[in-house]
There are 2 protein chains.
Amino acid sequence: METARVGTVDKREQILQATLKLFSSEGFFNTSIHDIRREADVSIGSIYHYFTNKETLARALYDELVDEMVRAIRAVILEQDTCQERCRAIMRFFFSWTDSNPQSMHYIMYARHQEFMPEVKPICSSEPFFLVFQVVGEGIEQGEVRAVNPAVATTSLFGGAIRLIHLYLDGSLEGPVEKYFEETWQCGWRAIAAATSH
Amino acid sequence: METARVGTVDKREQILQATLKLFSSEGFFNTSIHDIRREADVSIGSIYHYFTNKETLARALYDELVDEMVRAIRAVILEQDTCQERCRAIMRFFFSWTDSNPQSMHYIMYARHQEFMPEVKPICSSEPFFLVFQVVGEGIEQGEVRAVNPAVATTSLFGGAIRLIHLYLDGSLEGPVEKYFEETWQCGWRAIAAATSH
DNA sequence: GTCTATACCTGGATAGAC
DNA sequence: GTCTATCCAGGTATAGAC
């Protein structure tokens, strides 16, 4: 962690950036260490100095991005009070992050992580999704959300947004994706809102 | 196409079945031709007799499954009259197909096809999804569905279902997935139904 | 049409100089 | 810490017998 940061950007970060670019556009398996070496403009030796192998590199990148997402969701939960406000802010974050950082979103949401990181839990049962699941679960308890299965409620609320983001990341939908936010949110919330809420 | 089918199951089919099993569980890149050879209990020579290369094999499997899906959706469209009935039947098909044929569903919906079939269109812009898109679009024109962006309407209606199916295929949700159908459908339709419809 | 044996090469990882 | 050169396994695809 305490690598020198003298003037030039540190190499570790350089490598991670190149990796993100290539993994998100070409995929893990279509990206060789040699490709990363070229893109990052470092030597193979440096890559293996900072990361023990290709999988570790993928994993480090994944963990950083998941962490970033978790921090954002946690912040939202602290700032907002009701389930509705929290979910709305979380969905907005997904949209704005997609526009500002499509590669990160692509890598985190789209890649089949288990195919190259056997030990990692599927993204849908990882921490960010668990947080969202909890928020929705509380909404059910409070009566803000209709009494349906919590998994169904969560997927029904966010499924549309995620699907739309996939469509965009695929190139099947023109961006910026934020312009679809309001409508998507309205649909999602309508799907699960308790009768009193709308 | 006109391969002999004398008594024993033809080898082409044997190979496709083995491929489906391995690709859906291990992924395209983690499955070698040798693995397929072993699983299908044929020789490498046979595989290359029926398929020019690994990518062609993946593609043939993909095309067959997409075709099956398209036929099912087409049948639904013929049988049902309203947008609501059609969408409900299509969603039901997704759920029941997931239960009866999880490997096919996994391969068709989950794999990052573009990573190994560069020329294939992303699944969300492929024919089955286009059919669904059309059905929803007509629903908007007929006033059955609220006047929102058609892409938003389609993803809002089916996003929850697809997400839930992913969750199940990931092993994050216990099956059979059909038990979640009714609730998921209600949420999905509620998301986009015109005011008069419910 | 089916098989085995093998050619060939990509690409992950290491060695070791600086 | 950074680099280049190199090793070597694994995997796709082919050759050619039967």
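Proteins come first, then strands; the chains are lettered A, B, ... in the order of their sequence lines, and each starts at number 1.
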[X] with [Y]: basic N within carboxylate O range, under 4.0 Å:
X        : Y        : value
B:Glu79  : B:Arg92  : no
B:Lys179 : B:Glu174 : yes
B:Arg146 : A:Glu183 : no

May I have the distance from [X] (atom [atom1]) to [N] (atom [atom2]), rounded to whole angstrom?
X       : N      : atom1 : atom2 : answer
B:Arg37 : D:dG11 : CZ    : P     : 13 Å
B:Arg38 : C:dC3  : CZ    : C1'   : 17 Å
A:Ile47 : D:dC3  : CD1   : P     : 10 Å
B:Ile36 : D:dG11 : CD1   : C1'   : 12 Å
A:Phe51 : C:dT14 : CZ    : C1'   : 18 Å

Next on the checklist: With a 4.0 Å cutoff (strictly under), does any side-chain N or O of A:His49 reach OP1 or OP2 of D:dT2?
Outcome noted: no
Next on the checklist: Please identify which of these residues, B:Leu173, B:Thr184, B:Leu167, meets the side-chain contact (heavy atoms from CB on, under 4.5 Å) condition with A:Val152.
Outcome noted: B:Thr184
Any protein N or O atoms within reach of nucleotides 8-13 of chain C? Criterion: under 3.5 Å, listing atom names and distances.
from	atom 1	to	atom 2	distance (Å)
C:dG12	OP1	A:Lys54	NZ	3.0
C:dG12	OP2	A:Ile33	N	2.6
C:dA13	OP2	A:Tyr48	OH	3.3
C:dA13	OP2	A:Lys54	N	3.1

Checklist entry - Hey, does B:Phe116 have a side-chain heavy atom less than 4.5 Å from the side chain of A:Asn30? => result no
Checklist entry - Do you see a donor-acceptor pair shorter than 3.5 Å between the side chains of A:Asn53 and A:Thr56? => result yes
